[in-house]
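Hydrogens, waters and symmetry mates are skipped; everything else that's a heavy atom, side chains included, is used. Please read all numbers here as calculations on a predicted model, not as lab measurements.
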Amino acid sequence: MARVSTNLSSAAQRAPAGSQHSAVERAERRDRAARRFERNIHTSLAGRLGREIVSGIYPPGSLLPNAADMCGRFSVSRTVLREAYSVLTAKAMIVARPKIGTRVRPKADWNMLDPEVLSWHLQTTPTESFVAELFVLRQMVEPEAAALAAKARSPATIDGIADAYRRMDQFKDGAGDLIGADLDFHMGILEATGNHFLTALGGLIGTSLECTFELSWEGASRIQDDRLHQHRGILEAIRDGSAELAKTRMTELLADSMNDVRQYLKQRDAAREPAAP
């Protein structure tokens, strides 16, 4: 046994420097892959817990199960669980207290403009009150943005809005990405304002738009031509530099879109009700 050990040691000493360097690189690649894998796990776990909190499985004020139970349930290490909790803590959804545990914070504390928090709401079962709050945000921003875009009348951004409308018309029968085209239309208006603060908010507002578009187009499945006509009217007002008209038309579109969502949600809830015996 001693002879074998000596031979192995001698072989290692005789190994070329390039081979040793390659071994180090392989070890570093394995470490990086392991870290990416761990990040993916804790990101996935944070999303799952976030959706469970949003859906009410863990309501505001409730304590999450202890770490041992959570690790056992999800088959993860305490490190992964701790990282997932850090994600939710940064979104103001949970708070940890020594000797008490991890508690779900009041909903008023949650960072509702965080794209992931909004997505978790959409991925669960969005309520009418939740969607109505998103439309309040849109109503505060988009009509004024349409007016500013009309005043700015930037040819490049107007061309972008026109292209988005063209794709909306092309995809109205479901042959393409209607929601993506609608999102580009509204985001194009924000960019057309030339206001850097609105542009900075674009990502957050964009997520809220995306959350409502899917529902509003479902609700407007039989009246898409009317909605398209309203979008065209907004484009024409912006192109003509008619700020007040652009503002009015955007306000009308948002009001009608919210009604579309209400209609869809009522149909969805009615379909889920058990049939009468």
Side-chain angles (χ1 to χ4, degrees), residues 36 38-67 70 73-74 76 78-98 100-145 179-180 182-184 186-187 189-191 193 195-216 254 257-258 261 265:
R36 284 196 300 270
E38 189 170 87
R39 282 198 297 272
N40 289 338
I41 291 177
H42 87 245
T43 300
S44 175
L45 179 58
R48 184 166 177 181
L49 290 173
R51 288 188 291 272
E52 290 187 352
I53 290 171
V54 165
S55 65
I57 293 176
Y58 300 117
S62 65
L63 282 171
L64 298 181
N66 63 50
M70 293 295 260
R73 176 190 171 195
F74 296 108
V76 297
R78 285 180 178 266
T79 299
V80 169
L81 181 65
R82 187 163 51 247
E83 291 296 327
Y85 280 1
S86 295
V87 171
L88 299 177
T89 299
K91 301 178 189 302
M93 296 183 73
I94 62 173
V95 60
R97 291 283 184 263
I100 296 177
T102 302
R103 189 181 299 277
V104 178
R105 296 179 62 169
K107 193 169 184 177
D109 294 345
W110 299 357
N111 183 0
M112 296 300 292
L113 285 180
D114 182 281
E116 287 184 310
V117 176
L118 286 175
S119 295
W120 295 338
H121 278 83
L122 183 62
Q123 291 164 13
T124 53
T125 305
T127 63
E128 182 176 334
S129 61
F130 166 71
V131 177
E133 289 179 358
L134 285 180
F135 267 94
V136 168
L137 172 65
R138 294 184 62 184
Q139 289 162 345
M140 291 173 64
V141 174
E142 292 190 74
E144 291 296 339
I179 293 174
D182 198 356
L183 179 62
D184 288 344
H186 289 265
M187 293 300 291
I189 291 175
L190 293 177
E191 294 172 3
T193 65
N195 186 297
H196 296 298
F197 292 100
L198 283 178
T199 303
L201 286 172
L204 298 177
I205 295 173
T207 303
S208 72
L209 295 178
E210 201 166 3
C211 286
T212 57
F213 284 163
E214 184 171 348
L215 298 176
S216 62
L254 293 177
S257 296
M258 183 62 220
V261 172
L265 292 178

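Side-chain contact check for Ile53 versus Ile94: some heavy-atom pair is nearer than 4.5 Å. With a 4.5 Å cut-off on side-chain heavy atoms, Arg78 and Met70 do not count as touching. Looking only at side-chain heavy atoms (C-beta outward), Phe74 and Val80 stay at 4.5 Å or farther from each other. With a 4.5 Å cut-off on side-chain heavy atoms, Tyr58 and Met93 do not count as touching. In this structure, Leu81 and Leu45 have side chains that are in contact, with non-hydrogen atoms separated by less than 4.5 Å. Between Leu134 and Met112 the shortest side-chain heavy-atom distance does not fall below 4.5 Å. Inter-residue side-chain proximity for Leu190 and Val141 is flagged as met; some heavy-atom pair is nearer than 4.5 Å.
Residues passing the side chain to side chain contact (heavy atoms under 4.5 Å, CB included) test with Pro106 are Asp109, sequence neighbours excluded.
When every heavy atom of Val104 is checked against every heavy atom of Trp110, the shortest pair comes out as CG1-CZ2, 4.1 Å. Considering all non-hydrogen atoms of both residues, Arg103 and Gly61 come closest at NH1-O, 2.6 Å. Closest approach of Leu254 to Pro143, counting heavy atoms only: CD1-CD, 3.9 Å. A pairwise comparison of heavy atoms in Ala84 and His42 identifies CB-O, 3.7 Å as the closest pair. Closest non-hydrogen pair, Thr127 versus Leu265, comes out as C-CD1, 4.0 Å.
Counting non-hydrogen atoms of other residues, nucleotides and ligands closer than 6.0 Å to CZ of Arg73 gives a total above 12.
Remark: Ile57 CD1 to Thr124 OG1 distance equals 9.5 Å, nearest 0.5 Å. For the atom pair Gln123 CD and Leu118 CG, the distance stands at 11.0 Å (nearest 0.5 Å). In this structure, Ile189 CD1 and Leu198 CG are separated by 12.0 Å, a value rounded to the nearest 0.5 Å. A distance of 13.5 Å separates NE2 in His121 from CD in Glu116, rounded to the nearest 0.5 Å. Annotation: the span from Leu88 atom CG to Thr102 atom OG1 amounts to 10.0 Å, rounded to 0.5 Å. A distance of 8.0 Å separates CZ of Arg48 from OG of Ser44, quoted to the nearest 0.5 Å.
A cation-pi contact, defined as under 6.0 Å to the ring centre and within 45° of the axis, links Arg138 to Phe135.
Looking only at distances, no side-chain donor or acceptor of Arg51 sits under 3.5 Å from a matching main-chain atom of Trp120.
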Next item on the list: Might you work through the side-chain contact (heavy atoms from CB on, under 4.5 Å) test for Glu133 and Leu137, ending with a clear yes or no?
Entry: CA-CA 7 Å; Glu133 289 179 358; Leu137 172 65; over 6 Å; no
